[in-house]
Every structure is written in structure tokens, then in C-alpha cells.
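Before any comments, here is the structure.
The chain is numbered in sequence order, starting from 1. Counting starts at 1 for both ligands and their atoms, in listed order. As a basis for the values below, the full set of heavy atoms in this structure was taken, side chains included, without hydrogen atoms, waters or symmetry mates.
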Amino acid sequence: MRAIAQAQPNIALIKYWGKRDIKRNLPAVGSMSLTLESLWTKMTVRFSPEIEHDWLAVNGETADEMLPRVVRCLDQVAGKQRHFATIESYCNFPIAAGLASSAAAFAALVTAASSACRKSSDRLILARAAGAASGSAARSLFGGIVELESGDDEINVLALAEPDDWPLRVVVAVTAGGTKPVSSGDAMILSEKTSPFYSSWVANQEDDLDVARCAVQARNFEQLAAVSEHNCLKMHSVMWTSRPPVVYWNKATLACMETIRALQDEGQAVFFTIDAGPQLKAICLPENEALVAAALGAVDGVETIMTTGLGPGAQLLDDA
Ligand code: PMV
């Protein structure tokens, strides 16, 4: 009873920030994201009556601090009567640094676990299980451009465009690879309790989603750029106005934003987004990728540049 799955992180253009139901981890708002191609997490899950306790390793090292969340997710997918499991995860990009590593991890985990215990492999069911562990993980079950609807009682997730339908490129500027100071889950609960901007953030989200959906349908890059940057800055305004403030940016993040602005002033088709971490993600068309990567790579404080296209949802690699 062993299975291996791979999933890619996703980068939200219209952000999830806030929980409608903390216990079930249901989002307060819908969101829209790009599933990436070249960044990945591979997860092997093995259930066996011979295993005496659950055990998790990440990149070859035992990771006890992450185990409780993983165990809860396994219980949800496989049921509490399941056998104990060993879970081994490998990731080719920095973890817990605002690069959606938990999204890739939980999407891969539910895919591998459901196959290893011969449970449903329906993508929406798996997306809901992944979303209960990490809200954004639900989106990594699907590829290309993905929308998550917050729904009445359950989330709904659907692909708005397949990876090849609109060949957008993503250039990631890593400005600090370390772990973030406060988890996104804790920070969004703090924002709801303390930011005076939180209620208007939630109230306006559907409008941003409508604009972004139309932009995707029409392949209107400028419209998608404008609404995505606006939505990102609104989310960060909510974080900044929480008490205590949640500021994930550093000097290099701001310098990267200025670089993107300068490229836009020259007429280049590119825009930025930033999540719960100091890395900046630039979205552009294929013909601009080299230029954007070079410009961001030259910014003081940028440690690494990663480039990727859009990729598929979580996939099963092997089961036995
Ligand atoms: O899914 P979580 O709990 O890691 O939260 C993700 C929050 C953001 O990355 C900032 C926004 C998003 O929609 O992915």
C-alpha cells in the first residue's frame, strides 16, 4: 500500500486571505491562481500494519514538527482506522518561505495517500481534503489557471484554462530563503481580528474575481495585470494594518517592485505578485521572460531567480 505523487505549487493572482470557518479551514473569499510547472514536491506514502507510528521526512530529514498537520490530513483521506504510515517528501525549492510549499505538499499528500489506501481519486474531493490542511493547496490539484470558489458549505475548485491555453511565464525572485516569521494561517486570523481593512477586503473580493475571470477568458494581459497587482497590494495592506503588523517584505522585495514598475513604464508586459513571504513573482509573456529575469536578477538582495511556465495539477507517479 504505497504510492508516489507529485504536485506543483500555485501562485495566487487573486488572493486567499481570511477564514470563514477556522475549524474546517474554509476560506472567507474565493481566489484564483497559476499552477506552476518547474517547482515540485514528490511525496511517497506507505501504509503498513508493520509500521508502529506515523513518520515524516522532508528532504531526507525527520520532520516531527510538521507531523501533526500531516497526520490530520491522512486521517481525513484514509480514515482514522488506517494503518500507520511513513511519508517521505522531496521538494526542489525553499520550504515555508512564501513559495507555496505547503500547497504543493498537501496536494501531493492527498493524491498519494488516497491511492495508497485505495480511496476516491476524484479531484474535487481530494482538493477539499487538501484545502482542509492548507487553503491554497486545494488549487494545486488542478493545472493551468485555477479558480477556488468559497461556496456556501464547501469549496469548489475548477480549471479556467489549461497550461497551454495561455502560455504565461512566472519569474520568481528569491530575496530570502529562510522560514517566514509568522505562518499565513496565524496571520490571516490576526488580520480578521485586528485590521480595520479586513471587512472591505472580503466585501470587494468578488469584484476582483469577476474582472480577473473576464481577463482570463479574453486573454487580456493588461486587465489581469492591473487587477492582480491591486488585489495583492490590498491583501498586504490588510496584513500591514493588523496588530501587531504582519510585514513579509524586505528591502529587496520593494526594489524588485520598483524594477517591475520601470519595465512597465518602458511598455513591457509584466506584473508582480507577492505572498506571505519576501519573494516577488513576476508574471510575463514568453517573449519578455529573459528581460524580466535579467532585470530582477540584477536587483541588490536577490539571491536566486527561478523561471517556470504553467503546469498540470497533482499527478500520481506510481503505486503498488
Ligand atoms: O494556504 P495557506 O494557509 O498557506 O495561505 C496562503 C495565503 C497566500 O499565499 C498569501 C495567498 C494565496 O491565495 O495563496
Side-chain angles (χ1 to χ4, degrees), residues 7-36 39 41 66 68-70 72-73 91 93-110 127-142 145-150 155 157 160 170 172 179-192 195 198 201-202 204-206 208-209 212 227-240 242 246-249 253 272-281 283 314:
Q8 286 71 238
N10 68 78
I11 300 300
L13 301 183
I14 305 299
K15 310 287 189 186
Y16 150 51
W17 196 255
K19 296 180 196 289
R20 176 158 48 88
D21 181 333
I22 295 177
K23 211 156 160 250
R24 296 178 62 203
N25 204 34
L26 292 174
V29 290
S31 54
M32 189 185 293
S33 58
L34 308 176
T35 302
L36 306 184
L39 283 61
T41 294
M66 297 182 195
R69 238 171 126 194
V70 167
R72 275 198 300 278
C73 185
C91 186
F93 61 98
I95 292 175
L99 290 173
S101 56
S102 62
F106 284 106
L109 181 72
V110 296
R128 287 175 176 157
S134 165
S136 57
R139 300 184 309 236
S140 275
L141 266 299
F142 293 80
I145 305 179
V146 178
E147 178 170 358
L148 185 152
E149 296 167 349
S150 85
I155 57 164
V157 192
L160 297 179
V170 180
V172 182
T179 315
K180 55 186 138 186
V182 42
S183 76
S184 39
D186 289 347
M188 53 181 91
I189 292 169
L190 181 74
S191 288
E192 180 182 358
S195 170
Y198 180 81
W201 156 256
V202 173
N204 287 302
Q205 185 79 342
E206 273 309 311
D208 287 1
L209 276 168
V227 72
S228 300
E229 286 192 358
H230 175 67
N231 191 268
C232 166
L233 293 173
K234 267 196 308 200
M235 178 186 74
H236 285 276
S237 306
V238 173
M239 295 176 179
W240 283 40
S242 301
V246 179
V247 180
Y248 288 112
W249 302 358
T253 320
F272 69 82
T273 192
I274 306 161
D275 292 291
Q279 334 308 352
L280 179 134
K281 295 104 183 186
I283 292 88

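Ser242 and Ser195 share no donor-acceptor pair across their side chains, judged by distance under 3.5 Å alone.
For the ligand labelled ligand 1, residue Ser31 lies outside the 4.0 Å heavy-atom shell.
When Ala103, Ala137, Gly131, Ser136 are ranked by how near their heavy atoms come to atom 6 (C) of ligand 1, first place goes to Ser136. Nearest to atom 14 (O) of ligand 1 by heavy-atom distance, out of Lys15, Lys19, Arg139, is Arg139. Remark: among candidates Tyr248, Phe106, Trp17, Tyr16, the nearest residue to atom 11 (C) of ligand 1 is Tyr16, based on non-hydrogen atoms. Selection from Pro9, Ser184, Cys232, Ala187 by nearest heavy atom to atom 5 (O) of ligand 1 gives Ser184.
In this structure the side chain of Cys73 reaches within 4.5 angstrom of the side chain of Leu109, judged on heavy atoms. Between Leu99 and Asp275, every side-chain heavy-atom pair lies at or beyond the 4.5 Å cut-off. Looking only at side-chain heavy atoms (C-beta outward), Lys19 and Leu26 stay at 4.5 Å or farther from each other. Using a 4.5 Å heavy-atom threshold, the side chains of Val70 and Phe106 count as touching.
The only member of Ser184, Ser134, Pro27, Ser33 that meets side-chain contact (heavy atoms from CB on, under 4.5 Å) when paired with Tyr16 is Pro27. Of the listed residues (Thr273, Asn10, Ile145, Val146), just one forms a side-chain contact (heavy atoms from CB on, under 4.5 Å) with Leu34, and that residue is Ile145.
The distance from ligand 1 to the heavy atoms of Gly135 drops below 4.0 Å at these ligand atoms: 1 (O). For ligand 1, the atoms lying closer than 4.0 Å to a non-hydrogen atom of Ser134 are 1 (O), 2 (P), 4 (O). Each of the atoms 12 (C), 13 (O), 14 (O) of ligand 1 lies under 4.0 Å from some heavy atom of Ala12. Each of the following atoms of ligand 1 lies closer than 4.0 Å to a heavy atom of Ser102: 4 (O). Using a 4.0 Å cut-off to heavy atoms of Ala276, the atoms of ligand 1 that qualify are 10 (C).
The shortest N or O to N or O distance between Asn10 and ligand 1 is not below 3.5 Å.
Looking only at protein heavy atoms, the nearest one to atom 9 (O) of ligand 1 is Asp275 OD1, 3.5 Å.
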Show, in sequence, the C-alpha distance, side-chain angles and deciding distance for Tyr248 and Ile274, and conclude whether the side chain to side chain contact (heavy atoms under 4.5 Å, CB included) test is met. CA-CA 9 Å; Tyr248 288 112; Ile274 306 161; 5.9 Å; no

